[in-house]
Amino acid sequence: MTGKNKQGKKIKKENQEKNKKKNKKKKRKKYDFNEIETKWVKYWEENKIYKFDSNDTKKAVFSVDTPPPTISGSLHMGHAFGDAQQDFFVRFKRMKGFNVLNPFGTDNNGLPTLRLVEKENDVDSKSMKREDFIELSIKTIKEKYIPEFLEEIKRLGVSADFDIFYSTIDERSRRISQQSFIELYNQGREYRVDAPALWCPNCQTTIAQVELEDKDVSSEFSDIMIKADGEDLIISTTRPELFPASVAVFYNPKDKRYKHLKGKKAKIPLFDIEVPILEDEEVDMEKGTGIAYCATFGDQTDMEWQKQYNLPIKKAITSEGRMSSIAGKYKGMKIKEARKKILKDLKNKGLLVKQEKIMHPVNVCERCGTEIEFINKKQWFIKYLDLKKEMLEWGKEINWTPENMVNRYNNWVKGLKWDWCISRQIPFGIPFPVWYCKKCDEIVLADKKDLPIDPLESDPPVDKCPNSKCNSKEFIPETDIMNTWATSAMTPTIVKDLLKGTKVYEKIKDKPFDVRRNGQDIITFWDFNTVVKSQLHYKRKPWKELYINGWILGRDGHKMSKSRGNGISPKKVIKEHGADALRYLSASIGPGVATSFSDKDLIAGKKLVKKMINASRFVFMNLQEFNGRKPKNLEIIDKLFLTKVGLLIQKVTNLFEEYEPSKAKLAVEQFFWQDFCDNYLEIVKKRVYQGEGDEKKSAQYALYKGLLAIVKMIAPIMPFITEEIYQEYFKKYENDKSIHISSWPKPEYIEQKNLDEVHKFAHFVEILEAIRKWKTKEHKSMNSEIILTLTKKSYEELEEMKMLGDLKNVSHAVDIKQGK
RNA sequence: GGUCCCAUAGUCCAGUGGUUAAGACGCGUCGUUUACACCGACUAGAUCCAGGUUCGAUUCCUGGUGGGACCACCA
């Protein structure tokens, strides 16, 4: 045996130096991921690798309903993770032979876009014609924001067909949205009534709940004396300015203090308003004096009480945020001003009993920070509270990944209290195709063939009011626009509309999409509303599968947010580590799971890229005279290796089919690193260096097949490095223009005969491990020569398998003896 | 307040009703071979707590604790 003895650190260093020199000599090109990744992005685009073939009726279609991101800046990490995870199964399906319909849309019809366009062009949407503003916003987004955004999306390697593109404000989306409105109206599902709306006095618009923010503000909690049936009663409030809109006073039915006041009247000071005293369990006995007063509309509870007890609606605050005429001498004052004045007047009359400074959370407009108000307005609603039972059924028709996410949907449905208010009072968005008779308020709808239409710019399709009793010829256009979810809930219809006139359209028009993927935060908005609209319009589910992607938290384990300052830019990560590494990281999260951002995993992804390049380089270095054909006889160990590859293919295929790309990635990665690189490559090394004839060809064939399968299976996750390897090395033998449209590997050598033997491969590896362990323990180098003594059983098995030669090579054994 | 998810080595993350609980990062020791020092080999290191079901629980059930997310509320 020749083994080197323990070496000092000096020698170690010397060796490192030697190695550096060696590497310099080779002048090996470093893998420059930025250069290479950009190269393939360009190649894929130029060669239309991800094009959906809208005329191919033979191939099965795999259709995806993609969330259109709101574009008001650059790509954030949430987009990157979600889009990457969607891309994993999309690429898999494409390689599986599906004609993949993976469109791309952007959401540009909400408040964020309004503000972006105003800022960008220095205009005020309120002083512009709505039509002009829409045009301007389409131009602005199209020219600058969408191209920039798409560039980042493409750089991430998203394999969408960007020719199948929509914006939620484009003409098609407006038409479909208005069509939907008219159809649901004709179904009797839409109605228009007075309703409270969230109103921002500063922005002068109603706003959606999602646009609210909690803000802690200091305020004064005032105890004010009122008269109740001649008796003094103290109420506590932070909003005395709403006194003119008082409609009732409440106490808790369990509260003995006030039981005797049931059915009596209370008198609100300064305004001399008499209101009923009512009981309700919502009242918190501990809060203040246990008496709550109800005005139109102080808050959510006020609205509920108004409905429940059929209380009158009074308007104390105008849309400009000033006191209305019912406020008497306070009319015209700003809210806070009026509050001050009213408190002062109460104090002068000795009715202000106590004042306490408190911090309490209020709802403010997320844009400008102004406290929101509730105002009363005629609004359009989609009636659906009667459908709760059906909604729950509709949820069950869809396959949820992960399954538990259906609970989000169910809980939302069960908690619904109001019909869906679809009107918004902002100057930008999709108009309602509606006019009203000036005289009798009769509703006139646009003609479907005229859509999209803006009633502000057109006349109704009738000369006179359709109401036979009214002969008015004057109409008022609706100025409100539709809530953006009313449009984005139509994305499946919008995408299909893009394909109208193609052969595939006929094939898919009456079918649900295969899958929609999105984050868990919009299940209750986007997903729920899409299900409802699809069922109301087409009586079918919008998609078969709903995949909720895993999402990424900041390094601190909290949601990335500006206020926490824990956001990480995908652009920067891609620049520093490559898109493959970022995609690798997003592939470490399963569906519906949240994980903190991990730099370690990013590095692991980077290392995997490097390892794959090196392994491929090695394999092809030894395939010089390989002809790509299968030799007559495969060595047993090579065949068993391919059996293992086959088993892996089966496993990984199933995992992708089951929408578990993170598990698929883990399985391939472990196999590649351990079985392929650490063991199999070592096993066949000598044979490909020095072997001859079939013995060599067998190893070459197995290396080729094994590596190709591995590279293909990792391709959906890391499309860049795999394309690089495919084009650089495999292209000589394979014909496809891109690995991403090549066929998914098929398992081979998995006949029972081979499965029965595959444990022998493991046994071989066990022996290798034992030898390595021994050498390590003895401080011998791995290539030190040994004399090996095997147990009789092992020896016989290896002999029978003709693997003694391989073992000799890989363990550097000069002789192998048979023991007991 | 409602709902959901998670809890496994110093860290991240798999898996399992029953032999030795996988892998990565990090730590330690050793090695330097015609892919790879962003290397290889080897070592040490883990099932949150309390009950229950079971012959047997890290796994299933109940409760607790801790972390996270979503929704709602906040006179």
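Naming convention: chains lettered A, B, ... in sequence-line order (proteins, then strands); numbering from 1 in each chain.
A:D601 is linked by a side-chain hydrogen bond (donor to acceptor under 3.5 Å, both in side chains) to A:S598, counting only residues two or more places apart in sequence or in another chain. A:Q624 is linked by a side-chain hydrogen bond (donor to acceptor under 3.5 Å, both in side chains) to nothing, counting only residues two or more places apart in sequence or in another chain. Scored by the ring pair (Phe, Tyr, Trp, His ring centres under 6.0 Å) test, A:F221 finds no partners at all (sequence neighbours excluded). Partners of A:D280 under the side-chain hydrogen bond (donor to acceptor under 3.5 Å, both in side chains) rule, at least two apart in sequence or in another chain, are A:W305, A:Y309. Among residues two or more places apart in sequence or in another chain, the side-chain hydrogen bond (donor to acceptor under 3.5 Å, both in side chains) test is passed with A:N529 by none.
For the atom pair A:M405 CE and A:Q520 CD, the distance stands at 5.5 Å (nearest 0.5 Å). Put simply, NZ on A:K606 and CG on A:L582 are 12.5 Å apart, with the number rounded to the nearest 0.5 Å.
Across all non-hydrogen atoms, the minimal contact from A:L242 to A:T296 is CD2-O, 4.3 Å. Considering every non-hydrogen atom in both A:E576 and A:F33, the closest pair reads O-CZ, 3.2 Å.
Among the atoms of the strands shown, none is found under 4.0 Å from any heavy atom of A:F620. Among the protein residues, A:V283 comes within range of the nucleic acid bases, having at least one heavy atom under 4.0 Å from a base atom. Within 4.0 Å of A:K559, counting heavy atoms only, lie sugar-phosphate atoms of the nucleic acid but no base atom. Across all strands, A:L681 comes closer than 4.0 Å to base atoms (heavy-atom distances). Heavy atoms of A:E669 sit nowhere under 4.0 angstrom from any nucleic acid atom. A:C294 comes within 4.0 angstrom of no nucleic acid atom, judged by non-hydrogen atoms across all strands.
Note on A:K607: a side-chain N or O is less than 4.0 Å away from OP1 or OP2 of B:C39. Side-chain N/O atoms of A:Y689 include one lying less than 4.0 angstrom from OP1 or OP2 on B:A35. At B:G68, one or more side-chain N or O atoms of A:H558 fall inside 4.0 Å of OP1 or OP2 (strictly under the cut-off).
Going from atom CD of A:E682 over to atom P of B:U34 covers 11 Å, rounded to whole Å. Rounded to an integer number of Å, the gap from CD1 of A:I523 to P of B:C5 is 12 Å. To the nearest angstrom, C1' of B:C36 lies 9 Å from NZ of A:K685. When the P atom of B:A35 is taken as reference, atom CG of A:L623 falls 14 Å away, rounded to whole Å. A straight line from CG of A:D521 to C1' of B:A69 spans 10 Å, rounded to a whole angstrom. Rounded to whole Å, the distance from CD1 on A:I613 to P on B:C36 is 13 Å.
The shortest side-chain heavy-atom distance between A:I226 and A:Y293 does not fall under the 4.5 Å cut-off. With a 4.5 Å cut-off on side-chain heavy atoms, A:V573 and A:M77 count as touching.
Both A:S598 and A:T524 lie close to RNA chain B; mapped to their nearest nucleotides by heavy-atom distance, the more 5′-ward contact belongs to A:S598.
Salt bridge status for A:R239 with A:E241: present, with a side-chain N to carboxylate O gap under 4.0 Å. Under 4.0 Å is where a charged nitrogen must lie from a carboxylate oxygen, and between A:K696 and A:E625 at least one such pair does. We find that A:R408 and A:D527 are not joined by a salt bridge, their nearest charged nitrogen and carboxylate oxygen being 4.0 Å or further apart.
Atom name P, nucleotides B:U43 and B:U33: the rounded distance is 23 Å, in whole Å. Nucleotides B:C38 and B:A44 have their C1' atoms positioned 24 Å apart, rounded to a whole Å. For B:C30 and B:U34, the P atoms lie 23 Å apart once the distance is rounded to whole Å. Here the separation of B:A14 from B:C71, taken at their C1' atoms, is 31 Å to the nearest Å. For the C1' atoms, the distance from B:U16 to B:U59 is 6 Å, rounded to whole Å. A gap of 13 Å separates the C1' atoms of B:U19 and B:G56, to the nearest Å. The C1' atoms of B:C27 and B:U20 are separated by 23 Å, rounded to the nearest whole Å. Spacing between B:A46 and B:U58 at atom C1', rounded to whole Å, works out to 10 Å.
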All N/O pairs under 3.5 Å across the protein-nucleotides 40-47 of chain B interface:
from: B:G40; atom 1: OP1; to: A:K611; atom 2: NZ; distance (Å): 3.3
from: B:G40; atom 1: OP1; to: A:W673; atom 2: NE1; distance (Å): 2.7
from: B:A41; atom 1: OP1; to: A:D678; atom 2: OD2; distance (Å): 3.2
from: B:A41; atom 1: O2'; to: A:T776; atom 2: OG1; distance (Å): 2.8
from: B:U43; atom 1: OP1; to: A:K773; atom 2: NZ; distance (Å): 3.2

Expected rows: protein N/O vs nucleotides 13-15 of chain B N/O, under 3.5 Å:
from: B:G15; atom 1: OP1; to: A:K663; atom 2: NZ; distance (Å): 3.1

Please produce a list of atom pairs where a protein N or O lies less than 3.5 Å from an N or O of nucleotides 58-64 of chain B.
none

Identify all pairs in which a protein N or O lies below 3.5 Å from an N or O of nucleotides 2-4 of chain B, and state each distance.
from: B:U3; atom 1: O2'; to: A:N411; atom 2: ND2; distance (Å): 2.4
from: B:C4; atom 1: O2'; to: A:N404; atom 2: ND2; distance (Å): 3.0

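Of the candidate nucleotides B:G23, B:U11, B:A35, B:U11 has the atom nearest to the side chain of A:K600. Nearest to the side chain of A:W412, among B:A72, B:U34, B:G31, sits B:A72. Listed nucleotides B:C70, B:G23, B:A35 differ in distance to A:N614; the shortest reach to its side chain belongs to B:A35. Checking B:A35, B:G10, B:U29 against every side-chain atom of A:H779, the shortest atom distance belongs to B:U29.
Paired with A:F626 under the rule ring-ring contact (aromatic ring centres under 6.0 Å, His included), one option of A:F730, A:Y704, A:F620 passes, and it is A:Y704.
A side-chain donor-acceptor contact under 3.5 Å links A:Y584 and A:E669.
Evaluation of the salt bridge (charged side-chain N to carboxylate O under 4.0 Å, His left out) test over residues 765-777 of chain A, restricted to residues two or more places apart or in two chains, returns none. Counting only residues at least two apart or in different chains, salt bridge (charged side-chain N to carboxylate O under 4.0 Å, His left out) contacts with residues 580-595 of chain A comprise A:D87-A:R583.
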Checklist entry - Should A:Y409 and A:W400 be marked as a ring-ring contact (aromatic ring centres under 6.0 Å, His included) after you check the CA-CA gap, both sets of side-chain angles, and the distance that decides it? => result CA-CA 10 Å; A:Y409 174 95; A:W400 295 72; 5.6 Å; yes

Item to check | Dot-bracket line, read 5' to 3' along RNA chain B, where crossing pairs take [ ] and | marks a partner on another strand, Watson-Crick or G-U under 3.5 Å | outcome: (((((((..(((.....[....)))..((((.......)))).....(((((..]....))))))))))))....

